[in-house]
Amino acid sequence: MDYRDILHNKFCESAAVYSYKGGEVKILDINEKYLPELWMNVAEKDYLEAPLDKCFETDSLMAFTEAVKRCVDLGKDQSIDTKRLMFSNCCGYDHVYIKSK
């Protein structure tokens, strides 16, 4: 069993899976409940392929990366609020606030 079995389980809440390697955070996958939570009309492929430095405010990206690093280093859950910039064809650009754990 890998993360996809858990992530795409119908009982799982909205969720995203990130990787952390060499100090860089990258989004790997999201489940079908994740994008509707953002209230933006964003295609899953576009969301997954967008570089994180284009989706986060600079301070939020640094804070998010540090939270992921602490999670990896300490093996403990971290919680962080971040301001992100989203784009959709119908809505244009808009800021959203996301609480990640």
Side-chain angles (χ1 to χ4, degrees):
M1 175 173 13
D2 66 5
Y3 73 84
R4 287 176 205 87
D5 295 327
I6 297 168
L7 182 67
H8 297 289
N9 183 306
K10 69 180 180 178
F11 298 109
C12 183
E13 294 181 19
S14 62
V17 175
Y18 291 85
S19 71
Y20 178 77
K21 185 175 182 180
E24 185 179 342
V25 176
K26 181 179 176 186
I27 189 163
L28 297 178
D29 200 359
I30 57 175
N31 67 8
E32 65 185 25
K33 297 175 185 176
Y34 189 83
L35 290 177
E37 287 287 322
L38 299 178
W39 289 87
M40 294 285 288
N41 186 18
V42 180
E44 181 177 338
K45 181 178 186 278
D46 294 339
Y47 186 82
L48 291 173
E49 292 177 356
L52 290 184
D53 62 344
K54 303 292 185 211
C55 301
F56 279 82
E57 296 288 321
T58 302
D59 293 344
S60 286
L61 180 56
M62 290 183 344
F64 184 78
T65 301
E66 284 300 313
V68 171
K69 184 178 183 319
R70 283 191 307 274
C71 185
V72 170
D73 290 346
L74 303 174
K76 294 183 181 179
D77 286 348
Q78 300 292 308
S79 184
I80 182 119
D81 295 321
T82 56
K83 183 178 181 182
R84 303 191 194 182
L85 183 62
M86 301 294 296
F87 175 80
S88 70
N89 291 331
C90 72
C91 303
Y93 286 96
D94 202 1
H95 284 98
V96 295
Y97 293 88
I98 299 179
K99 182 176 194 92
S100 300
K101 184 173 181 183

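Just so you know, residue 1 is the first one in the sequence shown, and it goes up from there.
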**Student:** To the nearest 0.5 angstrom, please state how far the OG1 atom of T82 sits from the CG atom of D59.
**Tutor:** 11.5 Å

**Student:** For a quick test of reading the model, state the closest non-hydrogen atom pair linking S79 to K99 and the distance between them.
**Tutor:** OG-CE, 3.4 Å

**Student:** For I30 and A16, which heavy atoms make the closest approach, and how far apart are they?
**Tutor:**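 Heavy atoms only, the tightest pair is CG2-CB, 3.7 Å.
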
**Student:** Can you see which heavy atom on S19 is nearest to which on L28, and at what distance?
**Tutor:** CB-CD1, 3.8 Å

**Student:** With rounding to the nearest 0.5 Å, note down the distance linking CD in E32 to CD in E44.
**Tutor:** 9.5 Å

**Student:** Counting only heavy atoms not in E57 (residues, nucleotides, ligands), do more than 12 fall under 6.0 Å from its CD?
**Tutor:** yes

**Student:** Quick check for you: to the nearest 0.5 Å, what is the distance between Y20 atom OH and C71 atom SG?
**Tutor:**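 The OH atom of Y20 sits 11.0 Å away from the SG atom of C71.
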
**Student:** I27 vs E49, test: side-chain contact (heavy atoms from CB on, under 4.5 Å). Steps then yes/no.
**Tutor:** CA-CA 8 Å; I27 189 163; E49 292 177 356; over 6 Å; no

**Student:** D77 and K101: which non-hydrogen atoms are nearest, and at how many Å?
**Tutor:** OD2-CE, 3.6 Å

**Student:** What are the two closest non-hydrogen atoms of A67 and Q78, and how far apart are they?
**Tutor:**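 Closest heavy-atom pair between A67 and Q78: O-CG, 3.3 Å.
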
**Student:** Please report the interatomic distance CD1(I80) to OG(S60), rounded to the nearest 0.5 Å.
**Tutor:** 7.5 Å

**Student:** With the 4.5 Å side-chain cut-off for hydrophobic clustering, are V25 and M62 part of the same group?
**Tutor:**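 Different clusters.
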
**Student:** About how many Å separate CG of L61 and NZ of K83, when rounded to the nearest 0.5 Å?
**Tutor:**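 Rounded to the nearest 0.5 Å, the NZ-CG separation comes to 14.5 Å.
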
**Student:** Treating N31 as the side-chain partner and A15 as the backbone partner, does any N or O pair qualify as donor plus acceptor under 3.5 Å?
**Tutor:** yes

**Student:** Which heavy-atom pair separates T65 from G23 by the least distance, and what is that distance?
**Tutor:**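 Closest pair (atom of T65, atom of G23, distance): CG2-O, 3.8 Å.
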
